[in-house]
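Taking it in order: structure first as structure tokens, then the write-up.
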Amino acid sequence: MIDIINEYGVMLMVGQFPNGPLGGLALTIVLAVTSLLVSFPLAICIGLARTSKIKAICQVAAAYTYVVRAVPLVLLVFWAYFVVPLVTGYNISGFVTMVVALVLYEGAYLGEVIRAGIDSVNKGQTEAARALGMTYWQCMRKIILPQALFNMIPSILNQFVLITKNTSLAYLIGTQEVTFAAYQINNQLLTKPFQVYILLALCYFVLCFSLSRMAKWLEGYIGRKRSGVGRQSQNNIDTPVHLEASK
């Protein structure tokens with residue numbers, strides 16, 4: 001295994017870069033980050049639509065969520081691979097195809113995460129904001145969404161872990177991410193598939209485990225922040241009582 005790392009480690013990490021296109025684990029990370037960033041605005045729209053009081057908007061968002069979550073990601077990859085060129089009239093790269101598929105897929109899952117975050121915010125805050133004369137969008141933008149997104153950071157990171165693992169399907173359409181790089185290395189060696197795919201598993205494990213630990217730490221941090229706010233609010237409530245008692 002050490003010999004494989006010495007000979008093919010660079011290919012596994014960055015592909016043919018800098019003498020060719022970026023690939024390997026570096027492209028996997030770029031693909032995952034790009035998909036998360038692009039899917040995030042869509043997910044916010046889906047989350048807002050799922051909590052909308054307008055029935056038609058809520059139903060359309062729910063239909064999109066249920067359909068996408070019921071379809072395997074590999075089908076979305078193939079649909080994007082064949083349908084997007086027909087719609088746009090241009091041939092697109094495997095990287096763009098995979099981003100499109102992951103954005104559609106994660107928009108549904110991440111949208112549910114954001115919907116749960118919105119529902120977790122105390123309804124009294126919405127009522128107080130509306131009583132102060134804020135519009136629905138002002139309330140969402142300034143009060144509800146900041147709290148909901150902060151509370152959902154660990155869940156968003158967990159979705160990032162899932163995106164990272166799902167990028168492995170990109171090798172089916174010839175995208176040179178880390179799974180495709182391992183496949184190429186195995187084709188060159190022929191006699192060491194176990195060692196090659198153990199290295200591939202270690203790459204995914206190190207990346208996903210690091211993200212999972214970060215999500216766990218953030219979950220604890222958010223819990224501590226909530227506890228601090230709760231104690232501060234309780235102190236603010238108790239202070240007038242203590243003052244009255246001292247009088």
Side-chain angles (χ1 to χ4, degrees), residues 12-13 23-50 61-81 84 94-120 148-173 175-183 197-222:
L12 199 62
M13 292 295 105
L25 188 62
L27 186 63
T28 293
I29 295 172
V30 171
L31 184 57
V33 171
T34 303
S35 300
L36 181 65
L37 292 178
V38 176
S39 64
F40 197 67
L42 174 62
I44 290 177
C45 293
I46 295 298
L48 289 173
R50 293 278 281 128
Y64 167 79
T65 300
Y66 294 146
V67 168
V68 171
R69 294 178 69 178
V71 174
L73 176 58
V74 66
L75 283 182
L76 291 179
V77 174
F78 288 138
W79 286 345
Y81 185 73
V84 173
F95 179 88
V96 175
T97 298
M98 196 64 197
V99 168
V100 171
L102 284 174
V103 166
L104 292 174
Y105 192 73
E106 285 303 317
Y109 281 88
L110 201 55
E112 283 296 284
V113 170
I114 293 173
R115 178 195 63 78
I118 293 173
D119 288 340
S120 70
L149 295 179
F150 179 74
N151 292 340
M152 292 296 106
I153 286 176
S155 298
I156 292 170
L157 270 179
N158 286 329
Q159 283 301 123
F160 185 56
V161 173
L162 294 177
I163 292 176
T164 302
K165 291 188 289 187
N166 287 334
T167 58
S168 60
L169 292 176
Y171 93 96
L172 295 172
I173 53 176
T175 304
Q176 297 183 8
E177 41 75 59
V178 67
T179 303
F180 189 85
Y183 176 76
Y197 289 111
I198 283 291
L199 284 175
L200 176 62
L202 286 174
C203 288
Y204 280 114
F205 174 78
V206 169
L207 182 58
C208 294
F209 181 76
S210 300
L211 290 170
S212 297
R213 296 306 299 173
M214 187 183 298
K216 186 70 176 177
W217 178 83
L218 282 171
E219 187 175 358
Y221 174 76
I222 291 171

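Computed over heavy atoms, backbone and side chain alike; hydrogens, waters and symmetry mates excluded. Computed from a predicted structure; not experimentally measured.
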Among all residues two or more places apart in sequence or in another chain, which pass the side chain to side chain contact (heavy atoms under 4.5 Å, CB included) test with [X]?
X: Val33; result: Ile29, Leu37, Phe160
X: Tyr81; result: Thr97, Ile173
X: Ser212; result: Val161
X: Ala43; result: Leu110, Ile114

For residues [X] and [Y], report the shortest heavy-atom separation together with the two atoms involved.
X: Thr175; Y: Gly94; answer: OG1-C, 3.2 Å
X: Ala170; Y: Leu31; answer: CB-CD2, 4.1 Å
X: Val68; Y: Leu104; answer: CG1-O, 3.5 Å
X: Ala61; Y: Ala49; answer: CB-CB, 3.5 Å
X: Tyr171; Y: Glu177; answer: CB-OE2, 3.4 Å
X: Thr179; Y: Tyr204; answer: OG1-OH, 2.7 Å

So does [X] have more than 12 non-hydrogen atoms from other groups sitting under 6.0 Å from [atom1]?
X: Met214; atom1: CE; value: no
X: Tyr109; atom1: OH; value: yes
X: Tyr66; atom1: OH; value: no
X: Arg69; atom1: CZ; value: yes

Do [X] and [Y] come within less than 4.5 Å of each other through their side chains, counting heavy atoms only?
X: Glu106; Y: Asn166; result: yes
X: Leu172; Y: Val77; result: no
X: Leu25; Y: Leu12; result: no
X: Leu169; Y: Met98; result: yes

Who pairs with [X] by side-chain hydrogen bond (donor to acceptor under 3.5 Å, both in side chains), at least two apart in sequence or on another chain?
X: Ser155; value: none
X: Asn151; value: Arg226
X: Gln176; value: none

Measure the [atom1]-[atom2] distance between [X] and [Y] for me, rounded to the nearest 0.5 Å.
X: Gln159; Y: Thr164; atom1: CD; atom2: OG1; value: 11.0 Å
X: Ile44; Y: Ile46; atom1: CD1; atom2: CD1; value: 11.5 Å
X: Met152; Y: Asn158; atom1: CE; atom2: CG; value: 11.0 Å

Pairs meeting criterion side chain to side chain donor-acceptor pair (under 3.5 Å) with involvement of residues 24-50, two or more places apart: Arg50-Glu112

Test of understanding: with ring-ring contact (aromatic ring centres under 6.0 Å, His included), list the residues that count as partners of [X], not counting sequence neighbours.
X: Tyr221; value: Trp217
X: Trp79; value: none
X: Tyr64; value: none
X: Phe209; value: Phe205

side-chain contact (heavy atoms from CB on, under 4.5 Å) evaluation trace for Phe95 with Val30: CA-CA 10 Å; Phe95 179 88; Val30 171; 4.0 Å; yes

Of Leu162, Ile163, Leu76, the residue whose pairing with Tyr105 passes side chain to side chain contact (heavy atoms under 4.5 Å, CB included):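 Of the listed residues Leu162, Ile163, Leu76, the side chain to side chain contact (heavy atoms under 4.5 Å, CB included) partner of Tyr105 is Leu76.
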
